[in-house]
Amino acid sequence: MGGDTLNEDKRIDMTRAILVTGGAGYVGSHTVAYLLENMGNDLEIVVVDNLINSYRSKPGQKKPESLRIIEDMTGKTIHFYNCDIRDVQAMHRVFQNHLIECVIHFAALKAVGESVTKPLEYYQANVSGTCTLFEVMRDHGVHKLVYSSSCTVYGEPQRLPLDETHPTGAGLTNPYGRSKYFCEEIMKDLCASDKKWSVISLRYFNPVGAHPSGRIGEDPRGTPNNLMPYIAQVAVGRLEELQVFGSDYPTVDGTGVRDYVHVQDLAEGHAGALACFNKTEFTGFHAINLGTGTGYSVLQMVAAFEAASGKRVPWRVAARRAGDVAVNYADASLAARTLGWRARRTLADMCADTWRWQSTHPHGYAT
Ligand code: NAD
Ligand code: UDP
């Protein structure tokens with residue numbers, strides 16, 4: 001397929017669009033909400049999501065619940081396609097139906113433990129799916145991409161804070177992490193092959209929190225793997241107690257330290273990345289950390305959540321979790337210099353916003 005899949009007359013009448021893959025999920029839905037709340041009517045949002053990890057409430061309802069609520073909150077329409085990024089024909093149709101200018105690519109499988117038992121599924125969805133998306137983008141002359149990467153690509157930190165020059169790819173302990181690393185390498189090759197590509201790979205540290213309205217938030221399927229949703233479900237009475245994975249790390253209180261970043265700050269980071277596509281220096285591949293630069297231990301997180309929620313979060317120490325690093329936090333100065341982005345929200349904000357969502361939606365979107 002060539003770039004001219006629509007005749008020029010039809011293109012002139014079309015509104016410019018941003019394609020958001022995985023836009024019904026946790027980080028994607030908050031970014032979609034932020035963009036709709038902050039951008040003009042001359043831009044539309046198109047979401048592709050196969051709903052493998054997002055909630056569709058009533059039978060017959062076409063849009064996932066997260067997007068339905070965002071439309072209600074903003075009074076704006078989201079163009080939604082229930083399809084898999086690996087479905088080439090369906091993806092071509094999306095690009096034919098909209099004047100897509102750039103893509104924010106969230107769609108991926110993300111459960112670290114599951115990736116160890118189902119490596120092929122993870123490489124299929126995360127690596128093969130990403131290649132399919134890039135082929136369709138190229139065929140339609142779209143070369144601007146914001147990619148959801150992760151601090152996991154750094155592996156075991158050789159130095160702290162982690163800045164973008166820290167080596168990537170060494171010592172990764174699971175297929176999920178490797179899939180993020182492989183995609184970054186593929187994007188570097190793509191940018192080297194054709195100067196038209198502009199790729200900003202945002203390496204998130206630990207996304208937490210929810211929209212301040214409490215109407216959208218993180219809704220993990222089954223028992224949460226991540227700390228913040230686990231704590232929130234203990235506080236709301238869905239789970240009995242938190243297991244603290246290891247208390248003998250060389251940290252302030254022996255528990256693991258991470259750089260938690262509010263999902264609303266992440267959403268702003270994506271908007272900052274989109275704004276950079278107008279600058280010539282942003283051609284090629286750019287990896288940028290999105291974190292706060294400050295780490296908190298597991299027990300500091302528990303204390304902050306108890307303070308924000310007024311609930312007790314019982315915990316007990318369990319064995320270390322395989323593959324965990326002791327400490328991880330970002331050097332976030334490149335994002336400040338290049339995107340003009342800085343995380344603005346505090347740990348208290350992260351906990352208060354998570355609690356507003358969790359306490360009003362004890363069973364997530366199914367509540
Ligand atoms: P999520 O699971 O909530 O959202 C991902 C969305 O993509 C889901 O709605 C899912 O249904 C969809 N999806 C998955 N595979 C698809 C496919 N083949 N075709 C179409 N849609 C598909 O996850 P999230 O936490 O919002 O993460 C978004 C992105 O950020 C992912 O790429 C993830 O790897 C990355 N990331 C997340 C974290 C985190 O802790 N949440 C940290 C670093 C990086
Ligand atoms: N953690 C924990 N109990 C849990 C989940 C996580 O003690 O039920 C710890 C984990 O060992 C790590 C921190 O909380 O030190 C953050 O874990 P998470 O899975 O949220 O993020 P990641 O390890 O991927 O950075």
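Note that ligands are numbered from 1 as they come in the structure, with each ligand's atoms numbered from 1 the same way. Computed over heavy atoms, backbone and side chain alike; hydrogens, waters and symmetry mates excluded.
By the criterion of a heavy-atom distance under 4.0 Å, neither the backbone nor the side chain of M228 is placed next to ligand 2. Proximity of E218 to ligand 1, defined as any heavy-atom pair under 4.0 Å, is not found for any part of the residue. Using a 4.0 Å cut-off between heavy atoms, N328 makes no contact with ligand 2 at all. Only the side chain of V298 comes within contact range of ligand 2, with a heavy atom under 4.0 Å; no backbone atom does. Proximity of L51 to ligand 1, defined as any heavy-atom pair under 4.0 Å, is confined to the backbone N, CA, C and O atoms.
For atom 3 (N) of ligand 2, the nearest non-hydrogen atom from the set R320, M301, Q243 comes from Q243. The residue among P207, C83, A108 with a heavy atom at the shortest distance from atom 5 (C) of ligand 1 is A108. By heavy-atom distance, the residue among Y249, Y230, F245 lying nearest atom 4 (C) of ligand 2 is F245. Taking only non-hydrogen atoms, the option from F106, Y260, Y81, Y122 nearest to atom 32 (O) of ligand 1 is F106. In this structure, of S149, G23, A111, the residue bringing a heavy atom nearest to atom 44 (C) of ligand 1 is S149. Looking at G25, S54, S150, it is G25 that brings a heavy atom closest to atom 4 (O) of ligand 1.
Heavy-atom distances between Y260 and ligand 2 reach below 4.0 Å in at least one pair. Ligand 1 lies nowhere less than 4.0 angstrom from a heavy atom belonging to H105. No heavy atom of T21 sits closer than 4.0 Å to any atom of ligand 1.
Counting only heavy atoms of the protein, atom 19 (O) of ligand 2 lies nearest to R321 NH2, 2.8 Å. Taking atom 11 (O) of ligand 1 as the reference point, the nearest protein heavy-atom neighbour is D49 OD1, 2.6 Å. The protein non-hydrogen atom at the shortest distance from atom 10 (C) of ligand 2 is D324 OD2, 3.4 Å.
Of the N or O atoms in L227, one or more lie within a sub-3.5 Å distance of an N or O in ligand 2.
The one candidate from K62, K63, R215 that meets the salt bridge (charged side-chain N to carboxylate O under 4.0 Å, His left out) condition with E71 is K63.
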